[in-house]
Amino acid sequence: MKSFEYADEEIGQNEIGYVIPSVVIGAGILSLPRVLSEDTVNADGWLAILVGGIIAVFFTWVVTKLASRFPKKSFFDYCSLLISKPLAFILTAYMAMYFMLFASYEIRFVATLSQQYLFASTPKEVLAFVFLLVVTYAVAGSRVALFRLHQLFLPIIIGILFIVLLMAVPLIDMNHFFPLFKTSGTGYLKGTKSTLLSFMGWGALLFYTSLMNKPKKATKAGMIGMCVPIILYILLYVAAIGVLSNVVAANLTYPTNELAKVIEVPGGFFERMEIVFFTIWVMALFTSSIVFFDVSVVALNSLFKKVKKITLILVLAPVIFLVGMMPQDRLHLSKFSEILGYGGITVSIVIPTILLIVAKMRGVKGHE
């Protein structure tokens, strides 16, 4: 039996609009209410999420403006036009390594979370290996099929999240929100930085825009797509603070998951809502993992054009697993996440901004 093959390997604006929230909604939101509670007072963290979100939308615009300026060209190709081939090679290799490390982190995070909430006696190495096998199988298939997967999973993820939010409303204590705007300027700055780091991921569009049949529409689709996680993050944060309070959230490892624990389904016929929430979150981590893994393959494939995609996948998969197993405990994993966040600033903000400025100053476009 032959596998199904898509007529072409092109994508439209809808696929780009779906892939952004699929990448951004990941591990960060589970701990974000705690991080914001440490820096802000009461429910003031919503403002930090909003400001961080606006910055993320702006740099999504920068990334898509740069990539759509060079239709059908890979990141390595248009970097070579702008800053010379050797520098383009170094930047593309750096990007490939960054996204590979991000995939390692996501896979290790799934293993840690699964061990904590579901499989306490199963070694994290086994959990990570099984999850990586599924991710590798997805990445080995058609790239267009990955985008269809985002379109299938994202509505389910968002739908379940809204159900969780609706059931949390009766448990909200309004006293947990007030008084507002008591946070210092430094607290807001720290909260905005933490939020911005958790939104990292839009840099994937540097590689995916070349697959679009109408690249000019990438900007609008990317910016709309980025607004989805911003709204979700604000709602989940407000619900977590409203139910748990700022003080409690600051002392929980994953306040968002604890929020799902305290929710009760009316009628009492389903007692453990956190299992549904956890299952949905594994789906979210799966979609973001396949993007990070796939982008690292795309980046390396643009450098080594004669090497087959499946060969790169088989080389990267063991590396991703080994790197993911390196953090010894949750503290090291948190440090790993922080390093990735700062690496994301160079990948998603600094490099695209410099390249766009160079492209505009030199007037370089895709046909040149």
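Numbers here simply count residues along the sequence, with the first being 1. Values reported hereafter were calculated over all heavy atoms of this structure, with side chains retained and with hydrogens, waters and symmetry mates removed.
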From NZ (K360) to CG (L355), nearest 0.5 Å: 13.0 Å
I354: side-chain contact (heavy atoms from CB on, under 4.5 Å) partners, not counting sequence neighbours: V350, V358
Y254-K261 side chain donor-acceptor pair, cut-off 3.5 Å: no
Donor-acceptor pair, side chain of K65 and main chain of V62, under 3.5 angstrom: no
Non-hydrogen side-chain atoms of K309 and N301 separated by less than 4.5 Å: yes
Least distance between heavy atoms, G187 atom then T40 atom: O-CG2, 4.0 Å
Rounded distance (nearest 0.5 Å) linking atom CH2 of W281 with atom CD1 of I160: 12.0 Å
For L331, the rest of its hydrophobic cluster, which grows through side-chain links under 4.5 angstrom: none
Single-linkage hydrophobic cluster L32~I231, side-chain heavy atoms < 4.5 angstrom: yes
Pairs flagged by salt bridge (charged side-chain N to carboxylate O under 4.0 Å, His left out) wherever residues 31-43 is involved - sequence neighbours left out: R34-E38
side-chain hydrogen bond (donor to acceptor under 3.5 Å, both in side chains) contacts in which one or both residues fall within residues 82-94, not counting sequence neighbours: Y94-T346
Closest approach of A56 to T60 (non-hydrogen atoms, all atoms of both residues): O-OG1, 2.7 Å
Residue from L47, L36, D44, L189 passing side chain to side chain contact (heavy atoms under 4.5 Å, CB included) with T183: D44
Distance in Å, I345 CD1 paired with I351 CD1, rounded so as to fall on 0.5 Å steps: 12.0 Å
Nearest-0.5 Å distance, CG of residue L82 to CZ of residue R69: 8.5 Å
Side-chain donor or acceptor of S334 paired with backbone N/O of R330 under 3.5 Å: no
Polar side-chain atom of S198 near backbone of T195 as donor-acceptor pair, under 3.5 Å: yes
CG on L196 to CD1 on I54, rounded to 0.5 Å: 12.0 Å
Heavy-atom side-chain proximity of S114 to F131 below 4.5 angstrom: no
Neighbour count above 12 (heavy atom, 6.0 Å) for K308 NZ: no
Verdict with reasoning, I349 to M200, per side chain to side chain contact (heavy atoms under 4.5 Å, CB included): CA-CA 9 Å; I349 295 178; M200 290 296 163; 4.0 Å; yes
Heavy-atom closest pair, residues A249 and I241: CB-CD1, 4.1 Å
Smallest separation among heavy atoms of L30 and N257, with atom names: CD2-N, 4.5 Å
Main-chain N/O of V35 paired to K190 side chain as donor or acceptor, under 3.5 Å: no
Where at least one partner belongs to residues 215-228, residue pairs that pass salt bridge (charged side-chain N to carboxylate O under 4.0 Å, His left out), sequence neighbours excluded: none
Single-linkage hydrophobic cluster, 4.5 Å side-chain cutoff, V164 and I156 together: yes
M361: hydrophobic cluster co-members (side-chain, 4.5 Å): I357
Closest approach of V63 to S348 (non-hydrogen atoms, all atoms of both residues): CG2-O, 3.8 Å
Steps toward side chain to side chain contact (heavy atoms under 4.5 Å, CB included) verdict (L205, I16): CA-CA 8 Å; L205 295 184; I16 288 294; 3.8 Å; yes
Mutual orientation of the aromatic rings belonging to F70 and Y78 [parallel < 30°, tilted 30-60°, perpendicular > 60°]: parallel
Verify same cluster id: Y137, V297 (apolar side-chain graph, 4.5 Å): no
4.5 Å side-chain heavy-atom contact, Y188 and V51: no
Side-chain touch F162/L232, heavy atoms, less than 4.5 angstrom: yes
Distance in Å, Y18 OH paired with L149 CG, rounded so as to fall on 0.5 Å steps: 13.0 Å
Under the side-chain contact (heavy atoms from CB on, under 4.5 Å) test, residues paired with I172 that sit two or more places apart: M174, F177, V243
Where L316 and M100 come nearest, the two heavy atoms and their spacing: CD2-SD, 3.7 Å
Test side chain to side chain contact (heavy atoms under 4.5 Å, CB included) applied to H150 and V291, step by step: CA-CA 10 Å; H150 295 306; V291 169; 3.3 Å; yes
Residues which pass side-chain contact (heavy atoms from CB on, under 4.5 Å) with D173, listed by chain and number, not counting sequence neighbours: N175, H176
Between D77 and S74: side-chain donor-acceptor atoms closer than 3.5 Å: yes
Side chain to side chain contact (heavy atoms under 4.5 Å, CB included) between M95 and V295, intermediate numbers included: CA-CA 9 Å; M95 294 274 196; V295 170; over 6 Å; no
Qualifying residues under side-chain contact (heavy atoms from CB on, under 4.5 Å), relative to N42, sequence neighbours excluded: P179
Plane angle bin for F102 and F292 - parallel if under 30°, tilted between 30 and 60°, otherwise perpendicular: parallel
All pairs passing ring pair (Phe, Tyr, Trp, His ring centres under 6.0 Å) where residues 200-226 contributes a residue, at least two apart: F75-F207, F147-Y208
Heavy-atom side-chain proximity of V347 to F99 below 4.5 angstrom: yes
Pairs involving residues 98-113, ordered by first then second residue, that meet side-chain hydrogen bond (donor to acceptor under 3.5 Å, both in side chains) (sequence neighbours left out): E106-S288, R108-T112
Heavy-atom side-chain proximity of V110 to L127 below 4.5 angstrom: no
Cluster overlap F153 with I25, hydrophobic side-chain contacts below 4.5 Å: yes
Cluster overlap F129 with V134, hydrophobic side-chain contacts below 4.5 Å: yes
Residue pair H332 / M326, side-chain heavy-atom distance below 4.5 Å: no
Side chains of L87 and C79 in contact at under 4.5 Å (non-hydrogen atoms): no
Within residues 158-169 or reaching into it, pairs that qualify as side-chain hydrogen bond (donor to acceptor under 3.5 Å, both in side chains) - sequence neighbours excluded: none
